[in-house]
Number of protein chains: 2
Amino acid sequence: MKCKSYHFFFRNFSNPLKIKIISALNSKEMCVSELSEKLKIEQSKISHALASLRFCNLVESKQKGKNRIYSLNKKTVVPLLKLADKHRQLYCKLK
Amino acid sequence: MKCKSYHFFFRNFSNPLKIKIISALNSKEMCVSELSEKLKIEQSKISHALASLRFCNLVESKQKGKNRIYSLNKKTVVPLLKLADKHRQLYCKLK
DNA sequence: ATTTCATATGAAAAAAGATTCATACGAGTT
DNA sequence: AACTCGTATGAATCTTTTTTCATATGAAAT
């Protein structure tokens, strides 16, 4: 039941917190506490969101000491967001 | 407040019904009752879903007699779904 | 102008998803 | 082995999104 449908995949992009995390990880890989601190969002919220992103392989993680470092799957995410931006720009000029 | 963020945009792809509609309209433009019949889904559900798709300019509509014919904004949608497919294929092999 | 058919819309109910909070787990330290 | 720190997880609650259903609107036909 892995990425069974578009549903799970796109859910990650239709949520403000997940988008914030994605965008933070786009600048550099980070561990959970860094994300939590940088976004000023409580840790378990971050962890729950990351679980969903991980589930669809939109992020990867590696252990480093006590920390778990998350990095973005840019290969998918960057062009995807670019498409959305382009759409907005073409069809949603009015803010 | 039009397409203010990724949120509204991607919400259209993280919903099974909207995806079904998108996929139906990808084969050919259709009016509401055709969609309703083809997908075996009640009319007002279709209309509500279409309203959300329209809001983000993912579909267009034109009046034809009593019917309103909807067509897909393929320019955005097709490459977007293609990206998602490619992702699944690369990272979600196991079903 | 009334009727009919197709679609849209609003509001209440239901379902899905997110947040919270308490706690568990796991890696490293002492 | 006990402790600490960082992260994950589960369950209850809260919020958002969908569905349902009744009704409104709008275009064409009579």
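So that the names make sense, note that chain A is the first sequence line, chain B the second, and so on, each numbered from 1. All heavy atoms count here, side chains included; hydrogens, waters and symmetry mates do not.
Of all nucleotides in DNA chain C having an atom under 4.0 Å from a heavy atom of chain A, the first and last in 5' to 3' order are dG17(C) to dG28(C).
Residues satisfying the salt bridge (Lys or Arg N to Asp or Glu O under 4.0 Å) criterion with E34(A), sequence neighbours excluded, are K28(A). Here E60(A) pairs with nothing under the salt bridge (Lys or Arg N to Asp or Glu O under 4.0 Å) rule; sequence neighbours left out.
Taking a 6.0 Å sphere around CD of E37(A), one finds it holds 12 or fewer heavy atoms contributed by other residues, nucleotides or ligands.
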Given side chain to side chain contact (heavy atoms under 4.5 Å, CB included), test L53(A) with I22(A) step by step and report yes or no.
CA-CA 9 Å; L53(A) 290 162; I22(A) 285 171; 3.9 Å; yes
Could you tabulate the donor-acceptor pairs under 3.5 Å formed by side-chain atoms of residues 74-82 of chain A, not counting sequence neighbours?
| residue | atom | partner | partner atom | Å |
| --- | --- | --- | --- | --- |
| K74(A) | NZ | N26(A) | O | 2.9 |
| T76(A) | OG1 | H87(B) | ND1 | 2.7 |

Just distance, no hydrogens or angles: give the donor-acceptor pairs under 3.5 Å from side chains in residues 11-19 of chain B, sequence neighbours left out.
| residue | atom | partner | partner atom | Å |
| --- | --- | --- | --- | --- |
| N12(B) | OD1 | S52(B) | OG | 2.6 |
| N12(B) | ND2 | F8(B) | O | 3.2 |
| N12(B) | ND2 | F9(B) | O | 3.2 |
| S14(B) | OG | S14(A) | OG | 3.3 |
| S14(B) | OG | R11(B) | O | 3.3 |
| N15(B) | OD1 | L17(B) | N | 2.9 |
| N15(B) | OD1 | K18(B) | N | 3.0 |
| K18(B) | NZ | S52(B) | OG | 3.3 |

Summarise protein proximity over nucleotides 6-19 of chain D in one line of letters, 5' to 3': B for base, S for sugar-phosphate only, - for none, counting protein heavy atoms closer than 4.0 Å.
SBBBBB-----SSS
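Heavy-atom minimum distance, L25(A) versus S71(A): CD1-C, 4.5 Å.
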